[in-house]
Amino acid sequence: MRYAPSPTGYPHVGNIRTAMFNWLFARHYGGRFVLRIEDTDVARTVPGALEAILESLRWLNLDWDEGPEVGGGYGPYVQSQRLPLYHEAAERLVREGHAYYCFCSPERLEQMRAEQTKRKEPPRYDRLCRCLTTDQASDKATSGVIPVVRFKTPLEGLTTFTDLIRGEVTFDNATLDDFVLLKSDGYPTYHMASIVDDHSMLISHVMRAEEWLSSTPRHVLLYRALGWEPPQFAHLPMILGPDRSKLSKRHGATSLIEYREAGFLPETMVNFLALLGWSLDDKTELLSREEIVKSFTLEHISKTPAIFNREKLEWMNGVYIRSLKVEDLTNRIIPFLERDLPPGVPRPLSRDYVLKIAPLIQERARTLAEAAQLSDFFFVVEPHYDPALLLSKNTGPDDIANALHITLERLRTIESFDTARLEPMLRSLAAELGMKTGVLFGALRTATTGRTAAPPLFQTMEALGKDRCLRRIEAAIDLLGRLERAK
RNA sequence: GCCCUCAUCGUCUAGGGGCCCAGGACGCUGGCCUUUCAAGCCGGUAACAGGGGUUCGAAUCCCCUUGGGGGCACCA
């Protein structure tokens with residue numbers, strides 16, 4: 001198996017899903033997973049893209065047996081370092097009558113296509129140079145035009161191959177044109193390079209996205225012309241954006257690394273991506289990487305394109321976050337908190353403190369990136385909030401202030417400031433004051449956290465600690481007083 | 001325009017002739033639990049694109065239509 005990305009951009013979830021399916025297939029059957037870099041488009045190569053590819057694979061722990069950084073017996077694994085191989089194959093094809101030099105200028109080709117389109121004909125090369133004699137060709141060559149090498153596609157006949165997912169697929173050769181093998185800059189096209197490399201790297205199965213299905217007959221023809229046995233092909237359904245079109249930047253977060261930044265766990269991504277185009281049975285949603293490897297086969301791959309469903313991804317990530325050990329969650333959350341908490345919060349954060357807070361947000365966070373927003377009141381000196389939030393229906397500021405005052409005094413006397421002590425104490429206090437627990441607890445929640453929706457009150461207070469709580473309650477009473485005077 | 005391909009709830013999917021007046025999950029939604037928010041539990045909503053065949057019997061097989069997707073570069 002191989003994953004053969006081109007460093008022309010950051011790999012998106014579809015690219016990585018393809019990589020992962022190849023990896024899964026290799027691991028399931030005990031095969032080898034090869035990583036090959038297809039950098040034959042010099043103009044479109046993006047700096048940093050290669051690193052992003054490796055980083056994406058590493059993040060999901062998709063290790064490659066051969067390829068950049070690890071080597072292997074069939075390298076080099078970067079196409080720009082294999083140019084002689086492609087030239088050799090191309091020259092052989094020309095020599096044996098399967099390919100020819102084409103001297104047509106890009107301008108001519110463009111004009112030709114424009115006219116074809118205007119006549120509602122399929123745009124394709126008109127084969128002008130196909131019939132050039134050797135003499136004519138060398139004449140042109142000496143005149144300084146650098147030719148490309150084109151494949152001499154059979155004019156008639158059918159090309160049939162078996163796709164492991166779709167079954168037999170047939171193309172009429174008459175609908176294919178004479179595609180370019182070698183570009184004038186000396187680099188091969190994808191068609192040429194991938195065939196030469198897949199053959200020489202002993203690739204047995206080519207699993208790639210469906211967008212390649214229509215160029216597969218060209219590949220089959222090329223294999224035949226070179227006298228090589230083609231690999232097995234399997235074309236994966238595409239992953240589409242919410243508008244049902246090919247995934248692109250327009251669809252928001254698409255590059256895999258963006259999901260890491262957004263606080264998704266790698267185990268979530270592996271599980272979720274596996275389910276995009278593959279399924280185990282009629283009910284299993286949550287699978288570990290080991291379980292996926294164990295049961296991954298082609299039979300369960302679907303043929304229909306899938307739309308990336310972010311809501312379900314978030315749900316799944318929440319499930320994985322909740323399954324984490326507190327220590328693990330703490331370690332994973334700290335970088336996000338340090339990134340996202342207000343600038344005023346001193347770094348580095350205390351790991352012990354985060355350790356106390358982590359369990360309180362574990363049930364509530366769907367992504368690690370939500371951690372800061374769910375817990376910022378634990379870190380800021382004083383939370384700022386609308387004093388009206390301290391109030392409840394049918395209870396005036398005076399009553400709340402009074403209740404908070406009494407609470408404050410009781411809390412001062414408490415020796416161990418923990419949930420076990422706080423809960424019974426505050427419950428009986430509410431009864432004593434003749435207040436509904438919801439009213440008292442609500443006011444205390446707002447006072448201590450600055451918000452109406454927060455983790456369970458007593459645990460929150462325990463984590464905050466006595467000093468912080470007392471100070472915040474005092475501030476709340478103060479706020480209520482000012483609210484009264486403003487009236 | 002031409003070629004290829006696909007077609008089950010809004011989305012991801014199970015289903016490969018009777019087990020399906022179609023199952024699971026996300027979402028949405030009703031209830032329970034509850035100091036808020038979550039989480040959890042119980043329930044509900046919602047689909048076989050349409051039309052012809054084949055068959056005792058079709059979501060499942062065949063054909064057509066429609067619709068979606070992809071391709072048609074000196075990009076991969």
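Per chain, numbering begins at 1; letters A, B, ... match sequence-line order. Quick caveat: nothing in here was measured; it's all calculated off a predicted structure.
- Contact annotation for A:Lys246: backbone-only contact, meaning every heavy-atom pair under 4.0 Å involves sugar-phosphate atoms and none involves a base.
- Using the Watson-Crick or G-U wobble rule with both distances under 3.5 Å, B:G10 pairs with B:C26.
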Start with the C-alpha gap between A:Asp178 and A:Lys152, add the side-chain angles, then the distance that decides, and say whether salt bridge (charged side-chain N to carboxylate O under 4.0 Å, His left out) holds. CA-CA 6 Å; A:Asp178 291 353; A:Lys152 206 180 269 185; over 6 Å; no
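- A:Asp177 and A:Arg127 are not joined by a salt bridge, as no carboxylate oxygen comes within less than 4.0 angstrom of a charged side-chain nitrogen.
- Which of B:U5, B:C74, B:A38 sits closest to the side chain of A:Ser184 comes down to B:C74.
- Picking from B:U5, B:A38, B:C26 the nucleotide with the shortest atom distance to the side chain of A:Asn309 gives B:C26.
- With distances taken from any side-chain atom of A:Pro123 to the nucleotides B:U8, B:C3, B:A73, the minimum falls on B:A73.
- When each of B:U35, B:G71, B:C74 is scored by its nearest atom to the side-chain atoms of A:Phe458, the top-ranked nucleotide is B:U35.
- Atom pair A:Arg451:CZ and B:C37:P shows a separation of 14 Å (rounding to whole Å applied).
- Here the side chain of A:Lys312 is nearest to one of B:G23, B:C2, B:C12, namely B:C12.
- Ion pairing of A:Glu462 with A:Arg421 is absent here, as no side-chain N (NZ or NE/NH1/NH2) approaches a carboxylate O to less than 4.0 Å.
- Side-chain atoms of A:Arg124 and base atoms of B:C72 include no donor and acceptor less than 3.5 Å apart.
- Within the shown strands, nothing qualifies as a pairing partner of B:C21 under the Watson-Crick or G-U definition with both distances less than 3.5 Å.
- With hydrogens and angles ignored, no donor-acceptor pair under 3.5 angstrom links the side chain of A:Glu363 to the base of B:G40.
- With P as the reference atom, B:G16 and B:U34 are 44 Å apart, rounded to whole Å.
- Of all nucleotides present, only B:G71 satisfies the Watson-Crick or G-U wobble test against B:C2, with each distance under 3.5 Å.
- At a threshold of 4.0 angstrom between heavy atoms, the contacts of A:Leu457 include nucleobase atoms, whether or not backbone atoms are also involved.
- Side-chain atoms of A:Ala306 lie closest to B:U13 of the nucleotides B:U13, B:U35, B:U11.
- The nearest heavy atom of RNA chain B to A:Gln79 and to A:Ser245 marks one nucleotide each, and the one closer to the 5' end goes with A:Ser245.
- The side chain of A:Lys183 lies closest to B:C75 when the candidates are B:C75, B:C4, B:A14.
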